[in-house]
Protein chains: 2
Amino acid sequence: MSERGHGMATDIAEQPAGFARLLEDGPSAAIAEVAAEVARRKPRHVLFVGRGTSDHAALYGAYLTEIRLGLPVASSSPSAITLYGARPDLTGTLVVGVSQSGGSPDLTGVMAVARETGALTLAVTNNPGSPLAEAAELSIDVASGHERAVAATKTYTAELLALLMLVEGIRAGDGALPADERAALARLPELAEQTLADPAAAELAQRYRFASSIVTTGRGYAYPTARETALKLMETSYVPSLAFSGADLQHGPLAMADPDVPVLAVVGEGPGGQSMRDVVARLGERRADVVTIGATDVPGASARLAVPAVDERHSPLLDILPLQQLALALSLARGEDPDSPRGLKKVTATL
Amino acid sequence: MSERGHGMATDIAEQPAGFARLLEDGPSAAIAEVAAEVARRKPRHVLFVGRGTSDHAALYGAYLTEIRLGLPVASSSPSAITLYGARPDLTGTLVVGVSQSGGSPDLTGVMAVARETGALTLAVTNNPGSPLAEAAELSIDVASGHERAVAATKTYTAELLALLMLVEGIRAGDGALPADERAALARLPELAEQTLADPAAAELAQRYRFASSIVTTGRGYAYPTARETALKLMETSYVPSLAFSGADLQHGPLAMADPDVPVLAVVGEGPGGQSMRDVVARLGERRADVVTIGATDVPGASARLAVPAVDERHSPLLDILPLQQLALALSLARGEDPDSPRGLKKVTATL
């Protein structure tokens with residue numbers, strides 16, 4: 001019960017059930033209703049705000065919005081509004097605040113300003129009674145239940161799935177998911193279970209026992225996964241971890257790549273993964289130690305964490321699972337306590 | 001002539017002259033003309049695209065846009081457009097592509113799509129004959145001359161100043177800078193000269209000779225400086241460097257902070273700097289080694305790189321100077337060649 005890492009391990013293991021829960025009739029219908037209302041209001045832009053892990057879920061939402069809805073994504077730094085008093089005109093903009101706790105004062109502040117300045121506001125949280133949810137006009141509950149560890153895992157994937165259901169529901173117009181999307185998502189809990197059953201990620205942790213830093217990379221839909229992996233490694237194992245989009249990696253940070261800096265590259269089955277293959281090849285030429293996360297082997301990489309082959313758009317919900325397991329195992333291998341990282345609290349109050 | 005680091009040192013030293021050149025009548029008038037045209041077209045949103053160093057200049061432009069113009073900033077990932085074929089409706093949007101070479105195919109692709117879909121397009125480059133400048137309707141030449149080192153320094157600060165002059169010109173309406181802004185900017189070349197004359201940054205490099213990673217942080221206007229510093233350190237010294245906004249640092253990465261991970265914190269005189277003081281205090285409590293960049297001492301920090309006290313909005317043009325010197329000196333101290341980082345080329349072709 002109180003063994004080190006029990007909380008995070010339990011959170012991680014609950015993700016297939018978390019997917020299944022959001023896909024049940026009740027929660028699905030609640031998200032569909034929000035999606036239908038958003039579609040009815042016809043936003044011309046979408047602005048996502050989030051911090052930490054939830055910012056990575058928001059980034060996934062941003063890719064979905066651009067690619068699936070064809071809507072421009074706005075990017076507001078909360079500090080412009082909360083510190084410098086900026087009051088951008090947000091008429092016609094959907095502002096989505098993503099936060100597991102719903103308790104960050106800066107996000108709540110942005111949400112309140114957004115609502116005042118004419119935006120349609122939506123909170124995506126694991127706490128429907130939170131200040132963020134109260135401040136927003138619409139609200140989605142990701143229904144993950146209590147998260148034991150400070151490092152977020154199951155709330156992250158629940159946020160991803162909720163945002164996916166939201167965007168696909170908006171795309172459909174009436175909020176309801178098309179039959180093929182429903183069918184693809186219905187397989188998620190089982191695929192997640194299958195992915196988590198693989199012991200490879202925990203075994204791989206040994207490889208990084210003495211790494212002084214780790215680079216993560218991915219492109220397109222996989223970039224949020226790279227970002228979230230780096231944050232998980234830092235939160236639980238205190239190993240400096242740098243996330244780069246595959247494109248940015250070639251603009252400078254590539255110089256850092258050498259056999260002493262391990263690289264975790266998310267290489268899916270789609271345009272983002274295709275463009276990552278060149279990046280992995282270049283890293284391989286530099287004798288970097290590259291481990292890929294994906295469904296097929298990639299030339300230049302020395303090992304692979306296997307995940308099921310699904311549409312690249314759905315991959316972020318599965319790709320992160322072995323990487324969470326890796327962060328947990330690495331933390332334990334380094335003698336740390338992944339449930340209670342030093343210096344961190346569950347709700348972070350930034351102004 | 002061919003001594004190691006001569007190119008980067010020369011580029012760095014040319015920055016005061018670069019500021020002076022952009023502020024001369026001819027280049028000023030050219031930027032004012034572009035600003036007046038933008039103001040006339042009344043964009044409702046601004047979207048910045050850039051990669052690497054130029055993306056950090058673009059980020060500065062984004063803060064200026066939100067705070068000084070009150071316009072929402074859009075954020076498009078080039079990959080959504082170039083890899084996934086997204087075609088967001090950009091009517092009424094000003095799309096600003098920032099690139100020193102103007103040669104990145106992905107940015108040029110985004111620019112072409114933006115122009116097709118109704119956006120007002122503007123290229124900010126150091127190469128007015130480049131594909132990016134050709135693809136855009138409007139163009140600003142930052143006129144930095146040939147950059148010797150692969151790691152960009154003088155083109156970065158020239159991009160910052162050009163974007164500042166652009167935004168303030170749009171704010172004025174007719175493109176011309178108000179008298180007080182002109183007066184403040186007129187002092188820049190001398191202040192930059194004075195900042196670069198201080199040997200403190202080069203001396204500080206010794207402190208990081210054996211650092212296995214470095215954290216950089218800043219908030220608001222100072223956040224682009226933190227990002228650019230991290231990139232410079234990685235490009236020239238291959239030391240993994242992690243940039244966090246002061247807010248994000250408290251959401252996870254703070255766990256990493258300990259006496260072995262040095263922190264460079266940009267703490268200016270304004271709301272962003274004020275909010276950083278709490279972050280530095282928290283880092284100090286965790287016995288992190290914090291060096292600040294700013295005009296006044298900050299409790300919790302162990303040393304400071306001095307920069308002149310100017311409006312926080314103008315600070316990014318000066319704060320980066322000692323940090324470039326630090327990157328150069330650290331690279332030399334580690335026996336590397338800052339002019340030609342391994343694995344990098346001046347123009348990076350990402351698709």
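Within every chain, numbering begins at 1; the chains are lettered A, B, ... in the order of the sequence lines, protein sequences first and strands thereafter.
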Test R227(B) against Y60(B) for side chain to side chain contact (heavy atoms under 4.5 Å, CB included), laying out the working first. CA-CA 11 Å; R227(B) 295 267 301 266; Y60(B) 175 63; over 6 Å; no
Best-contacting candidate, G270(B), P271(B), S212(B), A86(B), against chain A by heavy atom pairs under 4.5 angstrom: P271(B)
Mind ranking R87(B), H45(B), R68(B) by heavy-atom pairs under 4.5 Å with chain A and telling me who comes out on top? H45(B)
Quick check: closest heavy atoms across [X] and [Y], and the distance to 0.1 Å?
| X | Y | result |
| --- | --- | --- |
| P240(B) | L242(A) | CB-CD1, 3.5 Å |
| A288(B) | V263(B) | CB-CG2, 4.4 Å |
| G218(A) | A226(A) | N-CB, 3.8 Å |

Shorter than 4.5 Å, heavy atoms on both sides: which option in G70(A), A62(A), A243(A) has the most such pairs with chain B? G70(A)
By a 4.5 Å heavy-atom criterion (distance strictly below it), what part of [X] contacts chain A: side chain, backbone, both, or neither?
| X | result |
| --- | --- |
| V215(B) | neither |
| S245(B) | side chain |
| E336(B) | neither |

Side chains of [X] and [Y]: closer than 4.5 Å at any heavy-atom pair?
| X | Y | answer |
| --- | --- | --- |
| Y63(A) | S79(B) | yes |
| T216(A) | F244(A) | no |
| L249(B) | L283(B) | yes |
| I214(B) | L264(B) | yes |

In a check of side chain to side chain donor-acceptor pair (under 3.5 Å) between T53(B) and each of K232(B), Q100(B), E235(B), which one passes? K232(B)
Can you say whether [X] sits under 4.5 Å from chain B via the side chain, the backbone, both, or neither, judging by heavy atoms?
| X | answer |
| --- | --- |
| V279(A) | neither |
| E312(A) | side chain |
| Y223(A) | neither |
| L71(A) | backbone |

For residues 89-97 of chain B, give me every residue with a non-hydrogen atom less than 4.5 Å from any non-hydrogen atom of chain A. D89(B), L90(B)
Audit row: T229(A), T225(A), side chain to side chain contact (heavy atoms under 4.5 Å, CB included) steps and yes/no: CA-CA 6 Å; T229(A) 301; T225(A) 306; 4.1 Å; yes
Go through the side-chain N and O atoms of T153(B) and Q324(B) and say whether any donor and acceptor fall under 3.5 Å apart. no
